[in-house]
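Source: prediction; values computed, not measured.
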Amino acid sequence: MEYSLQSLECADPCTVTVDPDNHIYTLKTFDTSGRVFNEPMELVAWIKKNWNPSQFREPKEYQALLNAIKQELH
């Protein structure tokens with residue numbers, strides 16, 4: 001699963017990739033830097049700590065992202 005969110009801080013979207021079959025858990029954030037995580041819950045913890053809904057053009061998409069990750073992992 002790859003998920004993109006349009007942020008208010010950057011023209012490029014933030015992207016999150018969750019691929020449990022290949023153990024890939026990555027994201028690209030506002031400053032276009034990338035992060036790689038060993039476990040999906042590390043990715044989710046990072047998102048909850050560093051992002052919040054008000055940083056995105058569509059704040060509802062933040063919760064939709066978290067829900068999509070949860071669905072992908074079950």
Side-chain angles (χ1 to χ4, degrees):
M1 166 204 96
E2 186 167 306
Y3 202 93
S4 296
L5 297 107
Q6 285 298 102
S7 79
L8 296 173
E9 300 179 29
C10 179
D12 293 332
C14 296
T15 58
V16 176
T17 303
V18 175
D19 182 352
D21 294 336
N22 295 304
H23 305 286
I24 297 172
Y25 311 102
T26 65
L27 63 79
K28 182 181 78 162
T29 192
F30 306 115
D31 62 4
T32 67
S33 66
R35 306 244 194 279
V36 178
F37 302 89
N38 294 319
E39 299 293 330
M41 295 319 295
E42 292 175 3
L43 170 71
V44 171
W46 190 97
I47 291 170
K48 288 180 177 181
K49 179 180 178 186
N50 294 283
W51 289 354
N52 67 68
S54 66
Q55 294 174 297
F56 300 99
R57 288 190 188 156
E58 296 292 332
K60 296 181 289 187
E61 289 294 308
Y62 173 86
Q63 190 58 48
L65 166 65
L66 295 176
N67 290 337
I69 292 170
K70 183 178 176 181
Q71 291 298 319
E72 185 69 24
L73 298 174
H74 286 92

Separation between OG of S7 and CD of E61, rounded to the nearest 0.5 Å: 13.0 Å

Same apolar cluster (I L V M F W Y, side chains within < 4.5 Å links), V36/I69: no

Least distance between heavy atoms, Q6 atom then A11 atom: NE2-O, 3.8 Å

Candidate pair L27 and T15, rule side-chain contact (heavy atoms from CB on, under 4.5 Å), full reasoning: CA-CA 5 Å; L27 63 79; T15 58; over 6 Å; no

Reported OH-to-CG distance for the pair Y3 and L66, which is rounded to 0.5 angstrom: 9.0 Å

M41, CE atom: more than 12 neighbouring heavy atoms under 6.0 Å: no

Test side-chain contact (heavy atoms from CB on, under 4.5 Å) applied to V18 and L43, step by step: CA-CA 9 Å; V18 175; L43 170 71; 3.6 Å; yes

Aromatic ring pairing W51/F56, orientation class (parallel under 30°, perpendicular over 60°, tilted between): perpendicular

Whether N52 side chain and S54 backbone form a donor-acceptor pair below 3.5 Å: yes

H74 side chain vs K70 backbone, donor-acceptor pair below 3.5 Å: yes

Pairwise side-chain contact, K28 with D12, heavy-atom cut-off 4.5 Å (strictly under): yes

E9 and Q55 side chains, donor-acceptor separation under 3.5 Å: yes

Donor-acceptor under 3.5 Å (E72 side chain, A68 main chain): no

Step-by-step side-chain contact (heavy atoms from CB on, under 4.5 Å) determination, R57 to L8: CA-CA 6 Å; R57 288 190 188 156; L8 296 173; 3.6 Å; yes

Heavy-atom neighbours of Q63 CD exceed 12 at 6.0 Å: yes

L65 reachable from I24 in the ILVMFWY side-chain graph, under 4.5 Å edges: no

Step-by-step side-chain contact (heavy atoms from CB on, under 4.5 Å) determination, L5 to E58: CA-CA 8 Å; L5 297 107; E58 296 292 332; over 6 Å; no

Donor-acceptor side-chain pairing of T29 and D31 below 3.5 angstrom: no

Interatomic spacing from CD1 in I47 to SG in C14 - rounded to 0.5 Å: 9.5 Å

Any Y25 side-chain heavy atom under 4.5 Å of E39 side chain: no

